[in-house]
Structures are given as C-alpha cells and as structure tokens.
Number of protein chains: 2
Amino acid sequence: MSKQTILIGIDLGGTSIKMGLVSTEGELLSHQEISTRTKEGVNAIIEDMVQYAKTLVQDQGFALDQVQGIGIGIPGLLDMEQGIVRLAPNLGWKDVAIKKQLEEKLNIPVKIENDANIAALGEAWVGAGKGYKHIVMATIGTGIGGGIIIDGKILHGKKGMAAELGHIPISDEGIQCGCGNYGCLETVSSATGMIRKAKEVVTQGRPSLLTEQYVDKMDEITAKSVIDAAKLGDHEAMQIVNRAGSLLGKALATVANLLDPEIMIIGGGVSRAGDILFNPIKQAFHEHGLKNIIDSMEIVPAQLGNDAGMIGAASLFRFL
Amino acid sequence: MSKQTILIGIDLGGTSIKMGLVSTEGELLSHQEISTRTKEGVNAIIEDMVQYAKTLVQDQGFALDQVQGIGIGIPGLLDMEQGIVRLAPNLGWKDVAIKKQLEEKLNIPVKIENDANIAALGEAWVGAGKGYKHIVMATIGTGIGGGIIIDGKILHGKKGMAAELGHIPISDEGIQCGCGNYGCLETVSSATGMIRKAKEVVTQGRPSLLTEQYVDKMDEITAKSVIDAAKLGDHEAMQIVNRAGSLLGKALATVANLLDPEIMIIGGGVSRAGDILFNPIKQAFHEHGLKNIIDSMEIVPAQLGNDAGMIGAASLFRFL
C-alpha cells in the first residue's frame, strides 16, 4: 500500500454527486458520479458520500488515513468557517452541519466552499489558470456563476457571496432575472437567455434554421442548438450568440476594470462554442476594458470541464 | 519632548501637496498645504517635502526620529514594492525613486500608494468606514476614482490598477471618456459629466435656471451649480442629477454583486449634495443589487473630506 497522501474532492449538486480522488499535484486519479438522493433527505446523501468515499479510496489501493482532507463544493449559502450549509435550495438543505457529520463518520478533515468557487480553484490549480494568481472565472450554464481569485485566494466578501457575475446589470431589455432584478447578465448570456431568444424567433415564425427545426418542438431548443445554427450562418442564431457574447465581454471588462486580474476563464458547456462566441466576447472586452489593464489579458475557455469542481474542491487542502 | 511615535501622511497632487502629522490613532494633529512646483521638476518637489516634513514635525514639538513612517498618496502608476513612481502625468514624473530619495534625506521609512486608495484607507481608519473591513469607496470629482478594501487590505490587482470604478461601462449615450472608451460611468456621474449635460441645456436654450443663470458664462457652470438648481426644483437640473445618481447607484450595485462588501462610501465634493443625489443612487442600487448582498448595506457620504488622503497615507504605517 502506498504511503503518499491523497485528497478527496466532492462536487455536490442537486442532480448528481461527483466524487474524485485527487493527488497532491492535482491529478484526478479516479472518480465516480452518483445521483443525489435529494428526496430522501440529508442523511441519505451523507451516507452516500461516506460510502463512496471509502470505496473510492480503497479501490485505488489507499487507506482512509492517507486522505489529507475532503473538500466539498456546495451550491448554496455556507458558513465556511464552521462547515455548515445554511441554505441550499437545490438540495433542500437548511442548517446542515456537514463538516461535523462527515468528520465524525470518516475521521478526515472536511472543508466546504461554494460550487462556483471550486471550479475556479480547479482551473487555477491545474487548468486554464495554472500559474496565475489573479483569476476571474465565469461559468455559463443555466445561470452564470463566477469565481474570483485574488492573489491566489478566493474572494469571498463579507457574507461569502462575492463574484455574482451573472447578476451584473447589463441589458436594457427589461427581462426579469431569477434573482428578481431586471437586465442581469444571466438573462442574456446564459444558456437560458439564449434559449429564450431562440424561442422568440420560432414563436414569431421568423425565417431561421431555428424556426425550421424547432417549430413543433420548441422545448428541445438548447444553447447548443442556437450555437450550431449560428455556425451554419443562420442570421437569427448569429444575432443571439453575438449579443450573448458581446454583453458577456462587456461584463468581463467591468470586472477587469475593477479587479485588474491576469486572466479570464470561461467555463460551462457553452464555453466549447469556440470563436463564434469568443470573438464577440473579446471584441466587447477590448471596447470597454481599460487599455493598461487588459492589454495583454487573455480570455480563455476552461480546460477541466466537469472535473474542475472535484479538483478544485480537493485543492481546499492543497496547502495543508 | 514627547516620547510617542507619530506618522506623516502626504497627499501629493498635481496642484498641491497636503502634508499632515497624524497620531497613531489616526488623529490629524496638524497639516500644511503647499503648491506643487510641478514645473520646477522632481527635485524641487522632493526638497519641499523634506523641508515641510521637518518643520511640520518640529513645530509640534516632535523630533524626526519619533516619526514611524511617511506614507504618500500619488496619482499615477506606481511600483509600490520598490517605491518608484513609474508614471504620474499630473506631476510630469516618470521613473522617480521617491522612496529611496526621501529615505536617504530624512532617514524615515517611506511607503507609496495610489491616491484613490489612500482616501479609502483614511475613511476606513477613522472616517465613514471605521469598524468595517470590506469597503468600497467612490470619489466623485473631475473624474471618478475608486478604492476597494477587502478584509482590511487595499485591493491592488496584478498591476496595481484595480478599483477603476469610473470606467465601468454603464451609459449608452456614446460619450467618449478620457480613457478612450465610450459610456464609462465617469462620462455621466462625475462633475465633468454633469457640467457637460448642463452646457447642453444652456446651449440648446432649454427653459431652466441653468439657462437663465449661465447663458453668457457657460464656463462658470460647476457641479454645484447643477445641484443647487436641482435643489430649487429646476426640472433640467433634476434630470441631470437624477441620471448621474442613478447610474452611479447601478455601478455600485455591480460592484456590490461582485465584491459583497459591508459599506459603500461616496467621497469628493459632489458627495455633499445630500438626498437629491443620494436618493437616486440608493434607488438604483436597490434595483440592481442582489437582495442577500445589499440587504442591510449602507451607502454613506465620506466624513474626512480633504483630510482623508493625508490620514490614509499615514495609515500605511498603521500596523507597523
């Protein structure tokens, strides 16, 4: 049995729990994804994490006492010091002392962190942000999440709620956001925002590949549908992607002007769209960023995909 | 002669040098303001600082060896580590090793910091931000400067250029900013921005107190002229102040959503305008800020006025 120490990183989501065994150099040695038994309550989920942590470690020939720590990324309002999940709507959790519970059951130190932040930590460690200490990451999915790293450390803010990139007010279209406000970046540049625009095209019967393909099945439109149509030169789709990218670039310029970072990383499925999305992002970024700040700053796609969360969660024990 | 240690804070501007003797509790014991002899070159300015530092200390019955340090706020691009002014257009300076020069002449440790940041440090120490560790300060003047304090420390960013609040892209009016970009906050909410709008009113002869008062002397319009007219109920002036406040509030909401601070401080002469400016600021702030973040967050005027810079500069030696 090896004597080296290893880390466990857990990306706890409302749909699935991703658990990874990570080396102290940030290599994902093995991982497992299981469904989140949200309906069965807190204990079922904690039992699953305990069970799969054990098998994950043992299957790779390690012992539990070789695990230096378990980092967990959680979508919700956290008390990080105490390791308590104050509120996690996707999990149906309120005031769950997950650190204490897991530490008692596994006798391994546990730390928790916001899910958007662990992705940034993962990319910072061994992904697109490797070698940088001032990093901004935007994750484009159903919503838009953010993670900000300043001088190598996650920016938490007073209440642990910093880096809400998705809620930068940026659009005058007057769409209401899930947060209750109007015109947030998320209403335009998220997958949801692009899909909403595509549905408008189809509903209004405007000439477009989108209308041709989805007139009878509007609910099947995804951000990928829009991006694919844009890549084929469809005018309406191109406009949607352009606008999403352009406002995202403007928002990133805002963040750059405030934080003077070294690199901007864009994650989430949409980030695989390539130039058709990145070109308008970069153009708006250069239009609105201060020259001295953004001069040599790159905007790059994330590299770790779905693994970023596990690796970043494990990195909470990186320097111990 | 007293045995206590004291601090010197210098607010070095293109027009004047403000030098203050500051207690280790942040009290401004005495201060002096002299003209900046910009035209006479670097040495003249440094000679003045040396000379006035000595008399400032001695006039209050202290000896130079009681001075723990000299902090200097400087408008420009700085190498803070080495204490070198890389570029300060207002002073006409390029690569001036001010730390080394002053330390040699006075035998007292010297630190330098950006001028927008020292104002924030001053307010954080004994002004409107006292007791808070996560502070955003916007200083409204000819332009709009910013200072961001996270966990008690100034946010510098990678190149020391963070907190450029004035260059948040926020307006669709298409006014070009001094930075070269279009629609920066500074083009609307600075004194300059308000004056520009007032001149439009006068030039177009629109019915307004501004037109009546300034038709023959447009160059005399100040931000105070506009605010005073607005306070008298003048419709055009109210619109200008409303728009300036409203976009400033939206920009501050952006900053709050990104940084999750505890308090927002507004400084500069315009900040004395009172409710007529602060009401639209607060309204837009609450429209665009995330409820959980801004819930109990206050937006307050700065308290230290022109002294903030000297006190904040002195605070660079606060914890030594």
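The figures that follow rest on heavy atoms only: side chains count, while hydrogens, waters and symmetry mates do not. Please read all numbers here as calculations on a predicted model, not as lab measurements. Numbers restart at 1 for each chain; the letters A, B, ... are given by sequence-line order, proteins then strands.
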Give, as side chain, backbone, both or neither, the part of [X] having an atom under 4.5 angstrom from any heavy atom of chain B.
X	result
A:Ile150	side chain
A:Lys291	side chain
A:Tyr182	backbone

Distance in Å, B:Lys158 NZ paired with A:His134 NE2, rounded so as to fall on 0.5 Å steps
6.0 Å
Return the CD1 to CE distance between A:Ile294 and B:Met161, rounded to the nearest 0.5 Å.
11.0 Å
Just so I understand: if I count every heavy-atom pair under 4.5 Å between each of B:Asn257, B:Leu259, B:Leu155 and chain A, which residue has the most?
B:Asn257
Should we say atom [atom1] of [X] is surrounded by more than 12 heavy atoms from elsewhere, each under 6.0 Å from it?
X	atom1	result
B:Met297	CE	yes
B:Glu298	CD	no
B:Gln283	CD	no

Mind checking which of residues 163-178 of chain A sit less than 4.5 Å from chain B, heavy atom to heavy atom?
A:Ala163, A:Glu164, A:Leu165, A:His167, A:Ile168, A:Pro169, A:Asp172
Determine yes or no for a side-chain-to-main-chain donor-acceptor pair under 3.5 angstrom, with B:Lys159 supplying the side chain and A:Asn292 the backbone.
yes
What one should report as the nearest heavy-atom pair of B:Ala162 and A:Asp260 is N-CB, 3.6 Å
